[in-house]
Amino acid sequence: MIDIKKIEKNEVIPGWEKGYKEVYRSCLANRGEDVALVDRALEYNQKRKEIVQFVEATKSEQNKMSQEIVKLKKAGEDASGILKEMQKLSAQGKEKGKELEGVESELNNLMQTLPNICHFETPMGASEAQNVEKKVFGEKPSFDFKIKDHVDLGENLGILDFETAGKVTGARFSYLKGKGALLERALTQFMLNMHTIDHAYEEISTPFIVNATSMYGTGQLPKFKDDAFQVSDTDFFLIPTAEVPVTNYYAKEILAEEDLPKYFVAGTPCFRSEAGSYGKDTRGLFRQHQFIKVELMKFAHPDNSYEEHEKLTQNAEKVLEALGLHYRRMELCTGDMGYGAAKCFDLEVWLPGQDQFREISSCSNFEDFQARRANIRFRPKGGKPQFVHTINGSGLAVGRTLIAVLENYQNKDGSIEVPEVLRPYMAGLKSITL
RNA sequence: GGAGAGGUGGCUGAGCGGUUGAAAGCACCAGUCUUGAAAACUGGCGAGGGUGUGAGCCCUCCGAGAGUUCGAAUCUCUCCCUCUCCGCCA
């Protein structure tokens, strides 16, 4: 959530060198949202303030009279006149209070759907075509034979089974078997070990089901309800990413300043309805309703959250590099960025089976957008509590990494060479063969 | 699932219809003392909102929501959570 007071005050933002309101309007436009929403929010807020002032003045009057009553009663005098007046005031206040509730909830509903303001470095653009390539690692692998994609490779090796998953569950689910299941487990372990041991993240094992409040906290609700699986007749949701249970770990808390930054890593299944992507990426493991992801998450001090964001992105890149996978880092433009992010890098891995780069990690700095929603703060020395900055990114999506390994490490005979770094996690196995 | 106990400020914990935003302690901050630190002493110390250039003033908040009342942390109802015991189960 953004801060309505910041729009009102319209202070100049460092980096942008323009007023908050103007910057936010242009961000809205560049994200493809209705700019008029800003004015509507300001309008609601103005109305809200007016009613608040009335309600509070009434309440103040009541409080004073209440003291009078105490005095009269103690003195043993008659208070019936003042009591009648109180009744009137009380009724009046309650009525206005109802009105206030209505306006507040309208304002809040609107604010909940407004995207974050963009960081000044984020490129302006309408779609992914305006994303900016920041870095390329490695090269396209060359093959002197006709390559297969991961579906053919996996099914031929008997480690991947979509048909049975279709029977047992439905479309967009899969079974991994034997060495395939082992490979998935090895990848997860490898990533978790790297981040805990080399990058100093604390591993955290989370609930895979969260309540609606938590989903609001990180911004999945109310706007993207259809993207998540809800447990019927409850306000529980299957987590679409570990970002939700990890970020909400400190919801409604005030951290000590010296505790920042906090680093967490969680390897969890993720569940997504993929409601908006019918017919898209229907082949293989690429877009499933369920997949494992190792998620990196930081609670950072506002003063250095962009350094932490950069470091986190590098931590994710390290996984791809250790696996010897060709990838590039893209800086997302305003139009392609998630609505809570102020700045976002996508890591895209080369998939020979698709002959293109595909997203395997998304590393975002939300600044105080999620922290304001979830109410996560820290106390600066001797100062008022302030919102922390939250940063997260995949390090990496395990399902897609598995695709990348299968396709990039395939041999002519359809076997898969196991990348060196994974072998310790697979009992020394050098290749997956029939 | 059954029976009981409970949820109060950063933490511990009193209060159980009317000057209670809330005793006390810890933690924290400032000062005195000290070469410095500790200890001791003194003072300060919750959050959100409204208003004002400002000091300030006002409103709200004692798990959440609804109710009773002129007035609720205190009474009633619903829900959530925690703990203890029983049952069931991985």
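- Closest to the side chain of K49(A), from the set C59(B), U51(B), A47(B), is U51(B).
- For the P atoms, the distance from A5(B) to G56(B) is 46 Å, rounded to whole Å.
- Taking a cutoff of 4.0 Å between a charged side-chain nitrogen and a carboxylate oxygen, D34(A) and R25(A) do not qualify as a salt bridge.
- Base pairing analysis places G43(B) opposite C29(B); the two distances defining the Watson-Crick or G-U wobble pair are each below 3.5 Å.
- Here the separation of A90(B) from C79(B), taken at their P atoms, is 30 Å to the nearest Å.
- Residue S66(A) is classed as a base contact, given a heavy-atom separation below 4.0 Å to a base.
- Using P as the reference atom, A27(B) and A39(B) are 8 Å apart when rounded to the nearest Å.
- Checking A47(B), C70(B), G50(B) against every side-chain atom of P385(A), the shortest atom distance belongs to A47(B).
- Applying the 6.0 Å contact sphere to NZ of K252(A) captures no more than 12 heavy atoms from other residues, nucleotides or ligands.
- Across all strands shown, C85(B) forms a Watson-Crick or G-U wobble pair, both distances under 3.5 Å, with G2(B).
- Spacing of C1' atoms, C26(B) relative to C45(B), comes out at 13 Å, to the nearest Å.
- Of the C1' atoms belonging to A22(B) and G17(B), the separation is 15 Å, rounded to the nearest Å.
- Listed nucleotides: U51(B), G49(B), G10(B). Nearest to the side chain of I254(A): G10(B).
- Going from the C1' atom of G43(B) to that of G52(B) covers 28 Å, rounded to whole Å.
- Among the nucleotides G49(B), G18(B), G48(B), the one closest to the side chain of K5(A) is G49(B).
- Taking atom P on both nucleotides, A64(B) is separated from C70(B) by 25 Å, rounded to a whole Å.
- R272(A) and Q290(A) form no side-chain donor-acceptor contact under 3.5 Å, judged by distance and modelled atom types alone.
- Comparing U19(B), U60(B), U51(B) by their closest approach to the side chain of Q67(A) singles out U19(B).
- As judged by a 4.0 angstrom heavy-atom cut-off over every strand, K88(A) is placed among residues making no nucleic acid contact.
- If you check distances only, the side chain of E56(A) does reach the base of G49(B) with a donor-acceptor pair under 3.5 Å.
- With respect to K49(A) and E8(A), a salt bridge is recorded, a charged nitrogen being found less than 4.0 Å from a carboxylate O.
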